[in-house]
2 protein chains.
Amino acid sequence: MFGSLWSLPVSESRPRIIPEATVARLAVYLRVLAGLAGDGRSHVSSGELATAAGVNPAGLRKDLSYLGPCGVRGVGYSVSGLRERLTTALGGERSRPCVVVGLGRLGAALADYAGFASRGFEFVGLLDADPQRVGDCVGGCTVRPIADLESVVADTEAAIGVITTPAEVAQSVCDRLVAAGVRSILNFAPVALTVPPGVDVRKVDLSVELQVLAFLDQQRDGGRQPVTVPVHAGLGAQR
Amino acid sequence: MFGSLWSLPVSESRPRIIPEATVARLAVYLRVLAGLAGDGRSHVSSGELATAAGVNPAGLRKDLSYLGPCGVRGVGYSVSGLRERLTTALGGERSRPCVVVGLGRLGAALADYAGFASRGFEFVGLLDADPQRVGDCVGGCTVRPIADLESVVADTEAAIGVITTPAEVAQSVCDRLVAAGVRSILNFAPVALTVPPGVDVRKVDLSVELQVLAFLDQQRDGGRQPVTVPVHAGLGAQR
DNA sequence: AACCGCTTGTGAACGCAGGAACAAAGTCGC
DNA sequence: GCGACTTTGTTCCTGCGTTCACAAGCGGTT
Ligand SMILES: NC(=O)c1ccc[n+]([C@@H]2O[C@H](COP(=O)([O-])OP(=O)(O)OC[C@H]3O[C@@H](n4cnc5c(N)ncnc54)[C@H](O)[C@@H]3O)[C@@H](O)[C@H]2O)c1
Ligand SMILES: NC(=O)c1ccc[n+]([C@@H]2O[C@H](COP(=O)([O-])OP(=O)(O)OC[C@H]3O[C@@H](n4cnc5c(N)ncnc54)[C@H](O)[C@@H]3O)[C@@H](O)[C@H]2O)c1
């Protein structure tokens with residue numbers, strides 16, 4: 001009875017689950033390591049890496065510990081070794097096809113950005129409802145009509161869908177992407193998308209970012225505003 | 001840290017600090033409320049608001065409770081009343097001047113986006129180092145040379161600085177913004193900016209978002225489950 | 001070969017966020 | 001006018017994430 005518990009519940013060697021917050025930071029470490037490798041560095045300490053990534057050294061070590069021991073005590077981490085380790089942990093360096101729906105200003109900026117290709121993300125499908133945009137060439141790929149969504153997803157075997165359409169149509173676009181087989185979605189439209197289980201959605205909300213900054217600003221200089229409604233303005237200070 | 005900060009006699013019992021995660025959600029609620037007001041709704045329940053915002057109803061009520069009681073039991077929240085309350089809490093509806101440094105694809109998309117103005121964020125200063133871009137008109141504002149940074153910040157009394165330059169120059173741009181008086185910075189360049197105390201930085205890292213999606217995708221494929229979609233409908237996992 | 005300094009890896013504590021359950025309170029129907 | 005229903009506001013609790021601190025391990029040195 002107890003013996004079976006001790007043997008192995010469901011886990012194997014080192015497949016401990018990695019918190020999502022840690023995964024996000026691992027991606028940052030990987031980028032910093034790429035820069036270090038370009039500078040010809042062979043080893044790096046947790047302190048230096050942490051400074052470059054803007055995090056706490058102890059937290060960085062704990063993050064890396066999810067991958068098992070990958071440093072040498074007294075020396076630090078091998079840049080190339082750690083880079084390889086992180087790359088594999090984050091999903092390998094294989095190419096990941098992505099589709100972008102809605103090639104307005106934001107969508108076009110994303111599709112044209114060279115920084116994604118170096119990480120394995122290739123924008124192989126561009127879709128828009130505007131006939132004037134269809135046929136345009138953005139980042140080496142031609143914009144196709146939204147009616148082709150299903151076939152484009154199928155042909156390219158796209159793993160990630162990026163939604164940069166107006167908010168009103170974002171949910172319907174999302175539904176079509178999911179139905180076509182996309183299971184990872186990056187949403188820039190200011191709406192909360194509803195998806196079936198098994199589909200991951202990440203939302204980037206730039207208005208919220210600005211609003212949080214505005215809040216922190218107001219909180220910082222609490223009483224510099226003699227304007228409207230001063231009654232309830234008693235918030236605590238700092239940070 | 002300094003708990004004694006709110007020990008002074010405040011008649012209103014609202015000295016509790018608002019967690020940053022809550023602030024971000026408050027901004028989302030505010031946007032949803034704007035849509036509801038446009039539909040002519042006068043009242044809304046926490047459940048409905050939570051569904052539209054993609055969060056848990058109990059969590060929503062807890063978020064709102066940081067502002068004090070602002071709903072009516074048995075009825076719900078007044079759309080206009082809550083909207084006003086949230087607007088005040090998030091920094092008022094006064095215009096917040098912003099400057100954008102680096103008007104490439106991404107910077108131009110931001111400066112030209114109409115959705116920010118409705119929240120009080122006005123892009124009153126656009127700066128770029130490329131002589132070819134200087135003089136361009138983006139979103140009703142003229143691009144000026146980067147040498148004018150200090151004078152533009154001073155003239156517009158800009159509260160927020162948005163950095164969309166290449167990563168190599170982001171830190172120097174940041175330093176100049178801070179020296180010019182900007183205390184809130186939204187950074188899109190893939191570097192960790194160093195700023196003096198009293199300055200807030202928010203970073204938007206799109207590569208990391210994609211990388212996290214790739215990781216979740218790989219993790220999911222460990223079981224290699226097809227697109228099943230069981231009858232367990234309801235709310236999908238947001239975030 | 002042993003020592004010493006440096007760095008990693010991990011265990012424990014703390015604080016925070018999220019979720020569920022429950023009591024208060026106000027409204028609607030009769 | 002009163003009861004019952006609806007919805008809020010709050011409290012408790014659980015789990016996660018972050019930080020501190022320290023023991024363990026490795027390289028270089030004597
Ligand atoms: N541009 C920004 O800085 C910014 C900032 C925050 C949020 N956003 C959000 O990102 C989204 C896009 O912003 P934008 O500035 O690029 O807008 P945009 O109007 O420039 O682009 C939207 C594009 O989507 C296309 N489109 C419309 N309906 C479609 C459909 N049903 N199927 C496919 N394509 C369709 C349009 O033809 C257009 O090309 C919006 O939801 C916006 O709220 C943008
Ligand atoms: N476009 C994207 O989708 C995307 C995605 C992720 C990250 N980013 C990051 O956002 C930033 C901008 O991306 P982009 O695609 O708009 O690049 P871009 O090259 O199109 O634009 C950069 C702009 O900055 C200007 N610039 C260069 N040096 C400057 C300086 N010293 N002072 C002022 N302006 C200067 C350039 O003239 C150019 O107009 C980059 O750091 C990039 O890594 C962009």
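Keep in mind the model is a prediction, meaning the values are calculated, not measured. Just so it is clear, the values below take in all heavy atoms, side chains as well, and ignore hydrogens, waters and symmetry mates.
Nucleic acid contact for B:Gly76: sugar-phosphate only, since backbone atoms but no base atoms lie under 4.0 Å from a heavy atom of the residue. Within 4.0 Å (heavy atoms only), A:Ala58 reaches at least one base atom of the nucleic acid.
A:Ile163 CD1 to A:Gln171 CD: the interatomic distance, rounded to the nearest 0.5 Å, is 8.0 Å. Going from atom OG of B:Ser184 over to atom CD of A:Glu209 covers 12.5 Å, rounded to the nearest 0.5 Å.
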Exercise. Stepwise, does the salt bridge (Lys or Arg N to Asp or Glu O under 4.0 Å) test hold for A:Glu20 with A:Arg25?
Worked result: CA-CA 9 Å; A:Glu20 204 165 300; A:Arg25 282 188 298 265; over 6 Å; no
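Toward the 5′ end of DNA chain D lies the nearest nucleotide of B:Ser46, the other residue of the pair A:Gly74 and B:Ser46 mapping further downstream. The residue among B:Gly71 and A:Pro19 whose nearest nucleotide of DNA chain D is located toward the 5' end is B:Gly71.
Per the geometry, CG belonging to A:Asp63 stands 10 Å off C1' belonging to D:dT18, to the nearest Å. A straight line from CG of B:Leu82 to P of D:dT8 spans 11 Å, rounded to a whole angstrom. If you take CG of A:Leu60 and C1' of C:dT8, they are 11 Å apart, rounded to a whole angstrom. Computed from coordinates, the A:Glu48 CD to C:dC6 P distance equals 16 Å when rounded to whole Å. B:Leu49 has its CG atom 17 Å from the C1' atom of D:dT6, to the nearest Å. Here the P atom of nucleotide C:dT8 and the NE2 atom of A:His43 are 11 Å apart, to the nearest Å. Rounded to whole Å, the distance from CD on B:Glu20 to P on D:dT18 is 13 Å. Taking atom CG of A:Leu64 as the reference point, atom P of D:dT18 lies 14 Å away to the nearest angstrom.
The phosphate of D:dT6 has neither OP1 nor OP2 within less than 4.0 Å of any side-chain N or O from B:Tyr77.
Ranking C:dT7, D:dT8, C:dG19 by closeness to the B:Asn56 side chain, first place goes to C:dG19. Listed nucleotides: D:dC26, D:dC22, C:dG19. Nearest to the side chain of A:Arg73: D:dC26. The nucleotide whose nearest atom lies closest to any side-chain atom of A:Val72 is, among D:dC26, D:dG9, D:dA21, D:dC26. Of the candidates D:dT19, C:dG9, D:dT10, D:dT10 carries the atom nearest the B:Ser65 side chain, counting heavy atoms from C-beta on. When distances run from any side-chain atom of B:Arg61 to the nucleotides C:dT8, C:dA20, C:dA21, the shortest one goes to C:dA21. With D:dG9, C:dT10, D:dG17 as the choices, the nucleotide that has an atom nearest any side-chain atom of A:Lys62 turns out to be C:dT10.
The pair B:Glu48-B:Arg41 meets the salt-bridge criterion, since a charged nitrogen lies less than 4.0 angstrom from a carboxylate oxygen. A salt bridge links A:Lys203 with A:Asp205: at least one charged nitrogen is closer than 4.0 Å to a carboxylate oxygen.
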